[in-house]
Amino acid sequence: MDRSVHSHGRHGTAFASNGHAQGDGSARSVESLFACDVFTERVMQQRLPKEVFRRIQRTITHGERLDAKLADVVAAAMRDWAIENGATHYTHWFQPLTGQTAEKHDAFLSPDGRGGAMSEFTGSMLVQGEPDASSFPSGGLRTTFEARGYTAWDCTSPVFLVRSTGTVTLVIPTAFVSWNGEALDKKTPLLRSMQAVSAQAMRVLRVFGTADGVTSITPTIGAEQEYFLIDRECVFRRSDLLSCDRTLTGARPPKGQQLEDHYFGSIPPRALAYMAEVERELVRVGVPVKTRHNEVAPGQFEVACTFETANIACDHQMLVMETLRRVAPRHGLQCILHEKPFAGVNGSGKHVNWSLATDTGVNLLDPRDETHSNMQFLVFLCAMIRAVDLHADMLRASIASANNDHRLGANEAPPAIISIFLGDMLMDIIEQIESGKTKKTIKGGTIDLGATTLPQIPRHSGDRNRTSPFAFTGNKFEFRAVGSSASIAWPITVLNAIVADSLDFVATELEKAVGTKPTEAKLQQAVRAMLQRLVREHKRVIFNGDGYSQAWHDEAAKRGLPNFRDTVEALPALRSRKAADLMKRFGILSKPELESRHHIFVEKFVKQVTIEAETLSQIARTQILPTAIRQLTEFAESVGASDAADVPSTTVREMLEIYTDLIGRFRTHTISLESLLAEEHHEEPEKHAQFIKNKVRPVMAAVRELADELERRTSADLWPLPTYREMLILK
């Protein structure tokens, strides 16, 4: 999927900010296409006094503080709008460190003390809530008896209504912090990182003299979501799908994705009906869904959104996942967002397209026509190269999870080695920069298709590379390694942070070089020298070849690039002094806040794999072994009947012996798994994670291998679990 970053302001697509799709003058309002349940800019303008509207807009666009009186007026207008649309409750909707969303619903009606009720929703109720901070993961920031926490309204993310089972709720996107102000969520550091990257990017524009009229620079995100659809009936017959969102056993079917016939194929009618309902619900709450199609694996699909401001895009991504899950049962389906729900076919990822846009609508990663002479673009490009090279370990840690371990590095997803793909045109310019002379830009030209009825189509100046984890794709970077079930807020926070660090470095160097009285000659000289230095020091992270090949792994090792093959290897990067200093310097996370995330991520890895191991053990004991014994009994009875009839039983006896051996080995490994799970673990979480990685996971793999072999040798009418053949073909 490859979509362009259009010129836009702070809110990106106007689906989120004013209810209109961007495009030509004939674009119709979202309200004219779908019912709109978003408290849009237009609704605010209609309901708020003119001065209040102007001030709330300045708060949203320029970050001015929201005073109490202003909040009261906005809250009253918001309440009236919500109640007119059927809302009875409101909720502060936030993203704790569980990786999901959280909400507590409060009624608008309150007792009036005279036997009646009154509608109440004040500015303070809009701006701040108070959920229990000890009941969410805190990584040591909060203890059980330290319960006070606060939610704080993110006024830059649109408020919306959610309709469900006859109820309507006003949903207010918020941040979540503890009593002492430490971030307990994924939104607070994201907003801080956006502020940091904006401040440093503005410094670069000032050096170039292009900051006039620009007040802020915003990371913009376009996210693509892959997912599987299977019959819901199958899920209730598989405890692994119910508890773990993935199959822990399952023999590969004869037909998987070998024929490459599912990708971009005709969408099955049942799936299309589901997609259409999902899209209607998403557009209604302001999520700008754009694209839908079949993905590579059978039963796999994708939905993609257009570009928006980073924090809005992250909120909308959570809504996409929630809506995909919620709507599926209405169609008798189950939506699976796990990164690797089925072995032997492609897993699911989430491609996150990232760019930088000024609030005047300029995309700072647009190379323009004569790229070699576009010095400002080249500065931002080389700053990105430096950021990824210096902080590849942090970027890799940001997408580490037990789920993603099953996907990264396979021939379906980028390798665990973080590298940058630039394409032919930019690579040629990088080589020119290194040589000290930039003279030309490779042109793409056109392609003549050889038939007069077909148009000549423009050809890009470089190819795409689906094996790269971080690829430049025209006027944005595509971070392809994010997991399908993950919140994108944390990877984007880390990406913003490392880019802010590089832009700070670049701006500082250029400011020193041009001095207080800059001239065009001084600037050109300083930029060329700095670009050459950045390329020479950090070009090792650029790779345009096949990321799946062993040759690249060997070459990456020679270049000294880190290769963290799994979560346990990757997460320690978050405990490094380098990471702590970077996050603290830009006010994104304090050292305790960063350490808390490391602790939570390690604990989640341990808990997730332990749940999977216990589920696998239960399936083995209560379903597969009893089934295997019944099959063994049938073989034994066949041998006995043959012997009694004095009929040769060589073939059946051989089947009996093979099956008996299989059951024995399966039972032995199952006992080993149960023994490992029974061990006491009082050591550090990191040591427990190492134990899970080095001891538990290999035994789980052995149990699965034998279970799959038993499935292949067991009568279909006896096998207790829905098979891959049944689940992967959506009818």
Side-chain angles (χ1 to χ4, degrees), residues 98-100 137 226-252 297 299-300 321-322 324-325 328-329 333-350 399-408 410 413 483-487 566-568 600-625 666 669-670 673-674 676-677 688-689 691-693 695-708 711 719-724 726-728:
T98 57
Q100 307 297 317
E226 296 174 349
Y227 60 94
F228 279 85
L229 289 177
I230 67 170
D231 274 302
R232 190 165 171 78
E233 180 188 349
C234 294
V235 176
F236 291 116
R237 292 166 56 200
R238 294 201 60 128
S239 57
D240 49 4
L241 282 174
L242 277 172
S243 300
C244 311
D245 215 29
R246 81 178 182 101
T247 57
L248 300 173
T249 70
R252 182 181 298 184
Q300 188 184 35
M321 291 194 289
E322 289 177 10
L324 285 169
R325 290 190 182 107
L333 300 169
Q334 184 85 355
C335 175
I336 301 177
L337 298 178
H338 193 285
E339 283 73 0
K340 192 72 171 179
F342 303 103
V345 298
N346 276 17
S348 296
K350 190 175 302 188
I399 46 93
S401 70
N403 294 356
N404 220 13
D405 283 352
H406 297 289
R407 172 178 165 266
L408 292 182
S484 54
S485 67
S487 161
D566 54 48
T567 296
V568 178
I600 289 167
F601 297 155
V602 172
E603 275 201 338
K604 185 174 182 179
F605 172 85
V606 169
K607 290 174 181 176
Q608 255 186 309
V609 181
T610 300
I611 290 170
E612 290 181 352
E614 290 177 352
T615 303
L616 177 58
S617 171
Q618 186 181 63
I619 290 172
R621 280 283 185 190
T622 64
Q623 292 184 281
I624 295 178
L625 272 174
F666 181 72
H669 282 92
T670 300
L673 181 59
E674 291 168 343
L676 290 171
L677 292 172
H688 196 175
F691 173 81
I692 291 289
K693 169 192 169 182
K695 300 291 186 181
V696 175
R697 272 189 159 177
V699 177
M700 288 178 67
V703 170
R704 174 173 191 146
E705 183 180 351
L706 292 166
D708 293 353
E711 180 185 335
W719 193 252
L721 304 171
T723 65
Y724 277 24
E726 296 173 80
M727 291 186 289
L728 288 174

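Sequence positions, counted from 1, serve as the residue numbers for this chain.
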### Rounded distance [0.5 Å steps], CG in Leu625 versus CD1 in Ile619
12.0 Å
## Note on the structure
So NE2 of His338 and CZ of Arg407: to nearest 0.5 Å the spacing works out to 11.5 Å
### Query
If you measure from CD1 on Ile611 to CG on Asp240, what distance do you get to the nearest 0.5 Å?
13.5 Å
### Query
Who passes side-chain hydrogen bond (donor to acceptor under 3.5 Å, both in side chains) against Lys604, sequence neighbours left out?
none
### Query
Among Gln608, Lys340, Arg246, which residue meets the side chain to side chain contact (heavy atoms under 4.5 Å, CB included) test with Asn403?
Gln608
### Task
Would you mind checking if Asp405 and Arg697 are paired as a salt bridge, meaning a charged N to carboxylate O distance below 4.0 Å?
yes
#### Entry: Side chain proximity check, Thr723 to Glu726, heavy atoms < 4.5 angstrom
yes
### Message
For the backbone of Arg325 and the side chain of Tyr227, can you confirm whether one donor and one acceptor N or O come within less than 3.5 Å of each other?
### Response
no
### Side chains of Lys693 and Asp566 in contact at under 4.5 Å (non-hydrogen atoms)
yes
### Close side-chain approach of Thr567 to Phe601, heavy-atom, < 4.5 Å
no
### Message
Within the 3.5 Å criterion, strictly below it, is a donor on Ser484 or Glu226 matched to an acceptor on the partner's side chain?
### Response
no
### Task
Go through the steps to decide whether Leu673 and His669 satisfy the test side-chain contact (heavy atoms from CB on, under 4.5 Å), and finish with yes or no.
CA-CA 6 Å; Leu673 181 59; His669 282 92; over 6 Å; no
### Query
Can you find a pair of side-chain heavy atoms, one from Leu337 and one from Ser348, that are under 4.5 Å apart?
no
### Message
Could you check whether any side-chain heavy atom of Tyr724 comes within less than 4.5 Å of a side-chain heavy atom of Thr247, counting everything from C-beta outward?
### Response
yes
### Summary
When rounded to the nearest 0.5 Å, the distance separating CZ of Arg704 from CG of Leu706 is 12.0 Å
### Task
Could you tell me whether the side chain of Asp231 and the main chain of Leu333 form a donor-acceptor pair under 3.5 Å?
no
### Task
Look at the side chain of Gln300 and the backbone N and O of Gly347, then say whether any donor-acceptor pair between them is shorter than 3.5 Å.
yes
### Task
Report the residue from Thr615, Leu248, Thr249 that forms a side chain to side chain contact (heavy atoms under 4.5 Å, CB included) with Arg238.
Thr249
### Summary
Exactly one of Val235, Leu241, Leu242 clears side chain to side chain contact (heavy atoms under 4.5 Å, CB included) with Gln334, and that residue is Val235
### Task
Nearest 0.5 Å please: distance from the OG atom of Ser487 over to the CD atom of Gln100.
9.0 Å
### Query
How about Glu614 and Ser617: does a side-chain donor come under 3.5 Å of a side-chain acceptor?
no
### Task
Measure the shortest side-chain to side-chain distance between Leu728 and Phe228 over non-hydrogen atoms and say whether it is less than 4.5 angstrom.
yes
### Query
Looking at side-chain heavy atoms only, is the closest gap between Ser239 and Gln623 below 4.5 Å?
yes
#### Entry: Straight-line distance of Leu616 CG to Thr670 OG1, nearest 0.5 Å
7.0 Å
### Query
How about Val699 and Glu674: do any of their side-chain heavy atoms sit closer than 4.5 Å?
no
### Task
Look at the side chain of Glu711 and the backbone N and O of Ala251, then say whether any donor-acceptor pair between them is shorter than 3.5 Å.
yes
